[in-house]
2 protein chains.
Amino acid sequence: MQTQVSPPAEAPRSTPAADKILDVAEQLAQTRGFNGFSYADIAAKLNVTKASLHYHFRSKADLGRALIARYHVVFERALAAIADGPGDARAKLLRYVDLYYDVIVSDRMCLCGMLAAEYATLPVPMQAELRLFFDANERWLTVRLDEGRRAGKLAFREPAKERARLLVGALEGAMLVARVYGDGGRFRAAGLAAIADLHVRRASNVA
Amino acid sequence: MQTQVSPPAEAPRSTPAADKILDVAEQLAQTRGFNGFSYADIAAKLNVTKASLHYHFRSKADLGRALIARYHVVFERALAAIADGPGDARAKLLRYVDLYYDVIVSDRMCLCGMLAAEYATLPVPMQAELRLFFDANERWLTVRLDEGRRAGKLAFREPAKERARLLVGALEGAMLVARVYGDGGRFRAAGLAAIADLHVRRASNVA
DNA sequence: GTCTATAACGAGATAGAC
DNA sequence: GTCTATCTCGTTATAGAC
């Protein structure tokens, strides 16, 4: 079963040095935002000079684009692993929530959620790359939701695509707010409740 | 019925000039983020100099704090109007969603959702002010949810406070992602679905 | 209350040596 | 590939005249 649908426009050729730069930049972008860190910050953490960073990523826009592309590839790989793994649709959705949970417990925001906030200030190539990420998430969730509904394991009123959008937004937003309180538990509770809402109800007035 | 619960720590004394500055700063902060605009941007839009802005708001941190405080006051007033107005709990929740919808149709992100993303880079006083906003939203929603559930008009599994947090996150996140696509309709659909999830179900297997 | 002028700093980026 | 050195620009902020 091939679940890889739309890879990022251009996978970054990875060298050890470039990878280390991306690692640090990613951590900074996920905690402070893309406009919240500079080449100087990365250089300091790696004990190199700013000039050497420019050798690997000519401009910050290039760095940002590579950042999203790599994040997207890794995420997509995780999604494929879940999709191709065991369990019913509900179990897979819960593993999807765990993917996000792993991010917030490392005191980060989802890279793409963070960049979504900064969208208006991003270079156009980054904006395009960002949409690809959300599109991929939406598609993956849509398949899982349809699958679960057809199997009678999940219930929801609207088209699967709409529910998928609701889920992506709910998880991104839950992370966003949870970070203000430094409380991953807040995210987890919201994530689980969002999936629980998809329960097939047989009794009346579940309150 | 008094619904005003926790006003922001310090309401900004409003002069016409300060108000105009806040208006412009608010628009910029909601579209570009707090770190995405400068005094120069405000000065240009108002045809004044940067120095004159510093007369009204000594530092950008002061400006930011005033920004949140004013936003909080206005929002709280709107919440009180809804709470004290007609309609059942569900109708009030829908009007709450409309409050957010009005923001995104003006091509903005919720100010506090935007600031939540930038949380780690914000001056401490702004961080504190920000939590007050989310606390107030959570409290207001919790009351509405409890009210609706007691009246048998709303159904949900978890404590009202948890559902309130889920709703705040879902709406903030829906706005965040919808802005990437420049599509307010995305937000609206998610918002309505989130409220629809609170329907009391009498039939089985609502799919 | 708004201006001119400027300080002090950090940003992204480049040239050219090693 | 990484360095030193430098450039240019934008940023927040202040002093002091009007």
Side-chain angles (χ1 to χ4, degrees), chain A residues 12-68 114-115 117-127 129, chain B residues 12-29 31-68 114-115 118-127 129:
Chain A
R13 65 269 168 269
S14 86
T15 74
D19 274 351
K20 283 203 293 187
I21 293 168
L22 287 175
D23 288 342
V24 173
E26 186 177 84
Q27 193 269 334
L28 287 167
Q30 289 187 257
T31 49
R32 305 179 51 86
F34 186 70
N35 297 324
F37 74 92
S38 71
Y39 270 40
D41 296 320
I42 305 173
K45 289 215 191 195
L46 290 178
N47 277 300
V48 294
T49 60
K50 292 187 289 170
S52 98
L53 301 180
H54 279 284
Y55 170 81
H56 297 282
F57 301 96
R58 198 168 301 277
S59 72
K60 201 184 175 191
D62 285 344
L63 172 62
R65 200 164 177 284
L67 223 39
I68 305 177
M114 185 65 94
L115 296 178
E118 300 177 286
Y119 189 76
T121 70
L122 297 180
V124 173
M126 286 183 68
Q127 294 182 336
E129 199 83 42
Chain B
R13 64 268 169 272
S14 86
T15 73
D19 275 351
K20 284 202 293 186
I21 293 169
L22 287 174
D23 288 341
V24 173
E26 186 177 84
Q27 193 270 334
L28 287 167
T31 50
R32 303 179 52 87
F34 186 70
N35 297 324
F37 75 92
S38 72
Y39 270 40
D41 296 318
I42 305 173
K45 289 215 192 198
L46 291 177
N47 278 300
V48 294
T49 60
K50 294 183 286 171
S52 97
L53 302 180
H54 280 284
Y55 170 81
H56 297 282
F57 300 97
R58 198 167 301 276
S59 72
K60 200 183 174 190
D62 285 344
L63 172 62
R65 200 163 177 284
L67 223 40
I68 306 177
M114 184 67 93
L115 296 177
E118 301 176 286
Y119 189 77
T121 70
L122 297 180
V124 173
M126 285 183 68
Q127 295 182 335
E129 199 82 42

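So that the names make sense, note that chain A is the first sequence line, chain B the second, and so on, each numbered from 1.
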Problem set entry | Check against side chain to side chain contact (heavy atoms under 4.5 Å, CB included), A:L22 and A:L63 | CA-CA 8 Å; A:L22 287 175; A:L63 172 62; 3.6 Å; yes

Exercise. Is there side-chain contact between B:D19 and B:P16, with at least one heavy-atom pair below 4.5 Å?
Worked result: no

For this session: Select one nucleotide: of D:dT4, C:dA5, C:dG12, the one nearest the side-chain heavy atoms of B:A51.
Result: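 Shortest atom-to-atom distance from the side chain points to C:dA5.
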
Seminar exercise, completed: Which of C:dA13, C:dA5, C:dG1 is nearest the side chain of B:H56? It is C:dG1

Exercise. Does the side chain of B:T49 get closer than 4.0 angstrom to OP1 or OP2 of C:dC3 through an N or O atom?
Worked result: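 Yes, within the criterion.
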
Problem set entry | Phosphate OP1/OP2 of C:dG10 contacted by A:S38 side-chain N/O (<4.0 Å) |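 For C:dG10, neither OP1 nor OP2 has a side-chain N or O of A:S38 closer than 4.0 Å.
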
Between [atom2] on [N] and [atom1] on [X], what's the gap in Å once rounded to a whole number?
| X | N | atom1 | atom2 | value |
| --- | --- | --- | --- | --- |
| A:N47 | D:dC3 | CG | P | 9 Å |
| A:D41 | C:dG12 | CG | P | 8 Å |
| B:L53 | C:dC3 | CG | P | 9 Å |
| B:I21 | C:dG1 | CD1 | C1' | 10 Å |
| B:K60 | D:dG10 | NZ | C1' | 12 Å |
| B:Y55 | D:dG16 | OH | P | 18 Å |
| B:L63 | D:dT12 | CG | P | 10 Å |
| B:D19 | C:dG1 | CG | P | 12 Å |

For this session: Map B:T15 and B:K50 onto DNA chain C by nearest heavy atom, then report which one ends up closer to the 5' terminus.
Result: B:T15

Exercise. When all nucleic acid strands are considered with a 4.0 Å heavy-atom cut-off, which category describes A:Y39: base, sugar-phosphate, or nothing?
Worked result: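 Sugar-phosphate contact only - A:Y39 comes under 4.0 Å of backbone atoms but never of a base.
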
Exercise. Between B:E118 and B:N35, is there a donor-acceptor pair closer than 3.5 Å when you use the side chain of the first and the backbone of the second?
Worked result: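 A pair under 3.5 Å: yes.
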
For this session: Kindly say whether B:Y119 contributes a backbone atom to a donor-acceptor pair with the side chain of B:Q127 at under 3.5 angstrom?
Result: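 Checking the backbone N and O of B:Y119 against the side chain of B:Q127, a donor-acceptor pair under 3.5 Å is found.
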
For this session: Report the C-alpha separation of A:F34 and A:M114 in whole Å, then their side-chain angles, then the decisive distance to 0.1 Å, and conclude whether the side chain to side chain contact (heavy atoms under 4.5 Å, CB included) test is met.
Result: CA-CA 8 Å; A:F34 186 70; A:M114 185 65 94; over 6 Å; no

